[in-house]
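Report on one structure; see the data block that follows.
Values in this document were obtained by computation on a predicted structure and should not be read as measured data.
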Amino acid sequence: MSFDVDRLISSRARGIDASGIRRVFALGATMRDPINLSIGQPDFAPPEAVATRAAAAIREGHNGYTQTWGAAELRTRTAEHLKADVGWDIADTPGAPGAETELLITSGTSGGLMLAAMALLGPGDEMVIPDPYFVCYPTLAHMCDANAVLCDTYPDFRLTAERVEPLITDRTKLVLANSPSNPAGVVMTADEWADLSELCRAKGVVLLSDEIYDEFTFRDARSEPAHDPAALPGLRCPSPARRDGSNEHVLLVRGFGKTFGVTGWRLGYVAGAPALVNQMAKIQQYTFVCPPTPLQHGVIAAFDSDMSAQIDEYQSRRDTLLEVLSPVTNVAAPGGAFYAFVEIPESLGLTGTQVFEKCVERNVLLIPGGVFSPRDTHVRVSLTAANPRLREGAEILRDIFQGR
């Protein structure tokens, strides 16, 4: 009799479907030189100073564990950045008797999000997330036996206090906002952040701000003065932390992978109330232990790296996409990140999955909108293909929308 592993699998695992994005990646591996508009990974190399410092850290013997909270030098530099960027004075004495910390280096932003969900959510609890959403958001709730409550943000993809407020109940623990967003690239305004932050403060729930693309914001979507050398000169994306009042209800989740081309290094950080961050650190101790040590040393140099040329290139690609597709359909203009969430003309009578299949027939890869939402009315187009390949792929999509 063969051993039946299947009967032992938990309901937690059974309730998780493989990411639709991963299925597209697997399909792409079987295609010959596709026009790949699916992947959310930058197509530029990391800054030389970042790569050099990481390599040096390996040779210098920084290959063991760091403290769970992260390497001391990276923590110091991150705290300095947050002070300049959002005005937070980080209380940072982890490990001392009775000490608390507001800062934790994590294994990517995904690691930070998981730690936050595990620290906040239990059976029957609720988290409000935008619809459409980054694919891991509903699964975070599922893994904690909690419920993800979808906030409809169609057609402009803006997570506003007006839309969120009716969804908050006595079971709500957190509201998760993402700006610039995945899959739409939409950037929240300072007023939208202020209203949503005040709503969460008044309701006594955490505002979890997923800011993985915080620096990767296009010039025309930036509005507030920046003082950090890593930011584009003079302007930056608003953050809910830049406020004149209490910020104990805000948990910032940020990372290095997208802006600096090191997605595979799995490095991020969280900052927030000590009562929450210390619980997250405790869970990290028994799960991730600590992020990769030599790579922590490498990203110290990221804070002094100028990525403005790369971000401007992506803004140019955004403009190319809008030039080709805006005349034939609705596209909420992305203000940052690598994506556009493109509406399929209703007259076409096709779902996002059907458009995806037609694109595959023409050697183009993108992601159907149903991967990010219960609706399958859009497709996500990534800007990580350089011109003229991006233009070629966009023109093929335009032709499909026009019934050609």
Check: What's the spacing between Lys203 NZ and Asp170 CG if we round to 0.5 Å?
Finding: 11.0 Å
Item checked: For Pro374 against Asp131, the heavy-atom pair lying closest together -> CD-OD1, 3.5 Å
Next item on the list: State whether a side-chain donor-acceptor pair under 3.5 Å links Ser179 with Ser181.
Entry: no
Notebook entry, point to check: Side chains of Val175 and Val205: closer than 4.5 Å at any heavy-atom pair?
Noted result: yes
Next item on the list: Classify the side-chain pair Glu343/Thr377 by whether it contains a donor and acceptor separated by less than 3.5 Å.
Entry: no
Notebook entry, point to check: Just by modelled atom types, is the Val328 backbone N or O under 3.5 Å from a matching donor or acceptor in the Arg398 side chain?
Noted result: no
Notebook entry, point to check: Quick one: does NZ or CZ of Arg380 land under 6.0 Å from the six-membered ring centre of Phe372, within 45 degrees of the ring axis?
Noted result: no
Check: Any side-chain heavy atom of Val355 within less than 4.5 Å of one from Leu397?
Finding: yes
Next item on the list: Check the side chains of His378 and Ser373 for a donor-acceptor pair under 3.5 angstrom, ignoring hydrogens and angles.
Entry: no
Next item on the list: Apply side-chain contact (heavy atoms from CB on, under 4.5 Å) to His249 and Glu198, showing your working.
Entry: CA-CA 10 Å; His249 66 289; Glu198 177 56 28; over 6 Å; no
Notebook entry, point to check: Roughly how far apart are Ser305 OG and Glu215 CD, rounded to 0.5 Å?
Noted result: 11.0 Å
Note to self: Under a 3.5 Å threshold, yes or no: a donor from one side chain and an acceptor from the other, between Asp306 and Ser308?
What the structure shows: yes
Next item on the list: Please determine, by modelled atom types, if Thr160 and Glu162 share a side-chain donor-acceptor pair under 3.5 angstrom.
Entry: no
Next item on the list: For Glu48 and Arg53, run salt bridge (Lys or Arg N to Asp or Glu O under 4.0 Å): C-alpha distance rounded to whole Å, both residues' side-chain angles, the deciding distance at 0.1 Å, then the answer.
Entry: CA-CA 8 Å; Glu48 183 60 31; Arg53 189 156 186 171; over 6 Å; no
Check: Any side-chain heavy atom of Thr153 within less than 4.5 Å of one from Arg158?
Finding: no
Notebook entry, point to check: With under 30° as parallel and over 60° as perpendicular, where do the rings of Tyr314 and Phe338 fit, or are they tilted in between?
Noted result: tilted
Next item on the list: Examine the side chains of Tyr137 and Asp210 and answer whether a donor and an acceptor come within less than 3.5 Å of each other.
Entry: yes
Check: Under 3.5 Å, is there a donor-acceptor pair between the Gln279 and Lys282 side chains?
Finding: yes
Next item on the list: For the residue pair Phe341 and Pro132, establish whether any side-chain heavy-atom pair is separated by less than 4.5 Å.
Entry: yes
Check: Is the shortest heavy-atom distance from the side chain of Cys136 to the side chain of Met114 under 4.5 Å?
Finding: no
Item checked: Nearest-0.5 Å distance that lies between atom CG in Leu295 and atom NE2 in His62 -> 12.5 Å
Margin query: Under a 3.5 Å cutoff, is there a donor and acceptor pairing between the side chains of Asp43 and Thr384?
Written below: no
Next item on the list: Report yes if the side chains of Leu251 and Leu207 come closer than 4.5 Å at any heavy-atom pair, otherwise no.
Entry: no
Notebook entry, point to check: When you look at Phe260 and Phe303, which way does the ring-ring contact (aromatic ring centres under 6.0 Å, His included) test go after all the steps?
Noted result: CA-CA 10 Å; Phe260 302 102; Phe303 291 111; 7.5 Å; no
Note to self: Using 0.5 Å steps for rounding, measure from the CD1 atom of Ile35 to the CZ atom of Arg362.
What the structure shows: 11.0 Å
Notebook entry, point to check: Going from CZ on Phe256 to CD1 on Ile300, what distance comes out if it is rounded to the nearest 0.5 angstrom?
Noted result: 9.0 Å
Checklist line | Chi angles and distances behind the salt bridge (Lys or Arg N to Asp or Glu O under 4.0 Å) call for Arg375, Asp152 | finding: CA-CA 10 Å; Arg375 306 188 192 186; Asp152 184 353; 2.7 Å; yes
Margin query: For Phe288 versus Gly111, what's the shortest heavy-atom pair and its separation?
Written below: CZ-CA, 3.9 Å
Note to self: Please report the interatomic distance CG(Asp145) to OG(Ser11), rounded to the nearest 0.5 Å.
What the structure shows: 7.0 Å
Check: Which heavy-atom pair separates Phe44 from Gly261 by the least distance, and what is that distance?
Finding: CE1-N, 3.5 Å
Margin query: On a heavy-atom basis, which atom in Leu159 and which in Met188 lie closest, and how many Å separate them?
Written below: O-CE, 3.4 Å
